[in-house]
Amino acid sequence: MQTTNVLELKKQYEQTHFELLKLLNEQASLKQQLKDLPESERSQSEKLLLAELKAQNEAGVLGESTMDAIFKAVMQAKTKEEEAASKRPMLVSRAYKNEDTVIDLKGEKVGTGKASFVFGPCSVESYDQVAAVAESLKDKGLKLLRGGAFKPRSSPYDFQGLGVEGLEILKRAADEYDLAVISEIVTPHDIEKALDFVDVIQIGARNAQNFELLKEAGRTNKPILLKRALSGTISEFIAAAEYIHSEGNGQIILCERGIRTYETATRNTLDISAVPILKQETHLPVMVDVTHSTGRKDIMLPCAKAALAVGADGVMAEVHPNPAVALSDAGQQMDIPAFDKFYSELAAFQAKI
Ligand code: PEP
Ligand code: MN
């Protein structure tokens, strides 16, 4: 081959790359304009397009699987905007906002470094039951009352909660004893209803990856208490909080409630190390639920102390005036005398650290 011919071929070879780059940019720009096309429609048309490209390539010299891989990559290529979005720090992260988020619940500030306490029954059963716990909270100068009105039970034959009637009971007791109410909501369409009754919407462990519920909670301006999923990793937990924040609601309290492991000595394994990790990685308050993590009244106090010692912004535990007849979690709720002792020892510990 003559030298001039080789130079000419090399030049043409190089030129094709510049033409390809121009075409790829045109392709990306058209794709950007079609970004509202439903995912199913897009993947269907890409599948047909790939089949046609494959048929046309029969006449060419490009290897079939190479061609297939190139065009699949081209179809998934990200624009500059998409690349920047995937690299942006999450809204819940310390990298995005260094200052601690503090949530004001009827004057009780959660996330300041001074721990807050959330107590109340597993399920709301009656006004008298809730009022007995509310009175005990008020006597202690505590502010945050919990209680489940919509109960996510493992068995459909177990008590499912009083629903809206339960929310009404909580609100009545909270108004009478000047408390803020935390209660779990399990479906997106009940979120709006709950706004009139609760001060904090709880999203439970079973729903911590119910993304539609997380998004709906994110569209409200109510504080959200988000539990860690049953087997959720810390990064999944943070991503779940991001679902809420990405819709506009940054008032989120994270709650470590134990994860499922091979260990059977406790109901779940309390991952105490999650607390400092979550405090480090996010700017959100972090609480520890010692009832659902341990499932054991005999070790709740040391675990609550451990939570405070590692920097938790709060502790949650279940209290029932008569746990023996409780309609859920009968074995692990404290009665009022046990609660008095638990709280006085925990408060004494808090004062020391
Ligand atoms: C609860 O707090 O009432 C509850 C059901 O907890 P979890 O979602 O952590 O199991
Ligand atoms: Mn419970």
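Not measured: the values here are computed from a predicted model. Just so you know, ligand 1 is whichever comes first in the structure, and atom 1 is the first atom listed for that ligand. Positions are given from 1 along the sequence.
The N, O or S atom of E318 with the smallest distance to the Mn ion (ligand 2) is OE2. When the N, O or S atoms of D329 are ranked by distance to the Mn ion (ligand 2), OD2 comes first.
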N/O contact list for ligand 1, threshold under 3.5 Å:
{"residue": "ligand 1", "atom": "2 (O)", "partner": "R146", "partner atom": "NH1", "Å": "2.7"}
{"residue": "ligand 1", "atom": "2 (O)", "partner": "Q202", "partner atom": "NE2", "Å": "2.9"}
{"residue": "ligand 1", "atom": "2 (O)", "partner": "K227", "partner atom": "NZ", "Å": "2.9"}
{"residue": "ligand 1", "atom": "3 (O)", "partner": "R146", "partner atom": "NH1", "Å": "3.4"}
{"residue": "ligand 1", "atom": "3 (O)", "partner": "R146", "partner atom": "NH2", "Å": "2.8"}
{"residue": "ligand 1", "atom": "3 (O)", "partner": "K151", "partner atom": "NZ", "Å": "3.1"}
{"residue": "ligand 1", "atom": "6 (O)", "partner": "K227", "partner atom": "NZ", "Å": "2.9"}
{"residue": "ligand 1", "atom": "8 (O)", "partner": "A205", "partner atom": "N", "Å": "2.7"}
{"residue": "ligand 1", "atom": "9 (O)", "partner": "K227", "partner atom": "NZ", "Å": "2.7"}
{"residue": "ligand 1", "atom": "9 (O)", "partner": "R257", "partner atom": "NE", "Å": "2.7"}
{"residue": "ligand 1", "atom": "10 (O)", "partner": "R206", "partner atom": "NH1", "Å": "2.9"}
{"residue": "ligand 1", "atom": "10 (O)", "partner": "R257", "partner atom": "NH2", "Å": "2.8"}

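The main-chain N or O of N322 is never found under 3.5 Å from a side-chain atom of D335 such that the two would form a donor-acceptor pair. With hydrogens and angles disregarded, no donor-acceptor distance shorter than 3.5 Å links the side chain of K222 to the backbone of Q251.
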Could you give the side-chain donor-acceptor pairs of residues 276-299 under 3.5 Å, partners two or more places apart or in another chain?
{"residue": "K279", "atom": "NZ", "partner": "D313", "partner atom": "OD1", "Å": "3.4"}
{"residue": "K279", "atom": "NZ", "partner": "D313", "partner atom": "OD2", "Å": "2.7"}
{"residue": "T282", "atom": "OG1", "partner": "L278", "partner atom": "O", "Å": "2.9"}
{"residue": "T282", "atom": "OG1", "partner": "L284", "partner atom": "N", "Å": "3.2"}
{"residue": "H283", "atom": "ND1", "partner": "T101", "partner atom": "OG1", "Å": "2.8"}
{"residue": "H283", "atom": "NE2", "partner": "L91", "partner atom": "O", "Å": "2.8"}
{"residue": "H283", "atom": "NE2", "partner": "V92", "partner atom": "O", "Å": "3.4"}
{"residue": "D289", "atom": "OD1", "partner": "T291", "partner atom": "N", "Å": "2.8"}
{"residue": "D289", "atom": "OD1", "partner": "H292", "partner atom": "N", "Å": "2.9"}
{"residue": "D289", "atom": "OD2", "partner": "K227", "partner atom": "NZ", "Å": "2.8"}
{"residue": "D289", "atom": "OD2", "partner": "H292", "partner atom": "ND1", "Å": "2.7"}
{"residue": "T291", "atom": "OG1", "partner": "E318", "partner atom": "N", "Å": "2.8"}
{"residue": "H292", "atom": "NE2", "partner": "E318", "partner atom": "OE2", "Å": "3.0"}
{"residue": "H292", "atom": "NE2", "partner": "D329", "partner atom": "OD2", "Å": "3.0"}
{"residue": "S293", "atom": "OG", "partner": "D289", "partner atom": "O", "Å": "2.5"}
{"residue": "T294", "atom": "OG1", "partner": "V290", "partner atom": "O", "Å": "2.6"}
{"residue": "T294", "atom": "OG1", "partner": "R296", "partner atom": "N", "Å": "3.1"}
{"residue": "T294", "atom": "OG1", "partner": "R296", "partner atom": "O", "Å": "3.4"}
{"residue": "R296", "atom": "NE", "partner": "D298", "partner atom": "OD1", "Å": "3.1"}
{"residue": "R296", "atom": "NH1", "partner": "A265", "partner atom": "O", "Å": "3.1"}
{"residue": "R296", "atom": "NH2", "partner": "D298", "partner atom": "OD2", "Å": "2.7"}
{"residue": "K297", "atom": "NZ", "partner": "Q333", "partner atom": "O", "Å": "3.2"}

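Contact check on E83 versus K80 returns no salt bridge, with no Lys/Arg side-chain nitrogen under 4.0 Å from an Asp/Glu carboxylate oxygen. Taking the charged nitrogens against the carboxylate oxygens, K143 and D178 do have a contact shorter than 4.0 Å, which makes a salt bridge. Taking a cutoff of 4.0 Å between a charged side-chain nitrogen and a carboxylate oxygen, R219 and E216 qualify as a salt bridge.
Note: angle at the Mn ion (ligand 2), from NE2 of H292 to SG of C122, is 160° (rounded to 10 degrees).
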(request) I would like to know whether E46 and R42 meet salt bridge (Lys or Arg N to Asp or Glu O under 4.0 Å); could you show each step before the answer? (result) CA-CA 6 Å; E46 285 180 350; R42 186 199 315 262; 5.1 Å; no
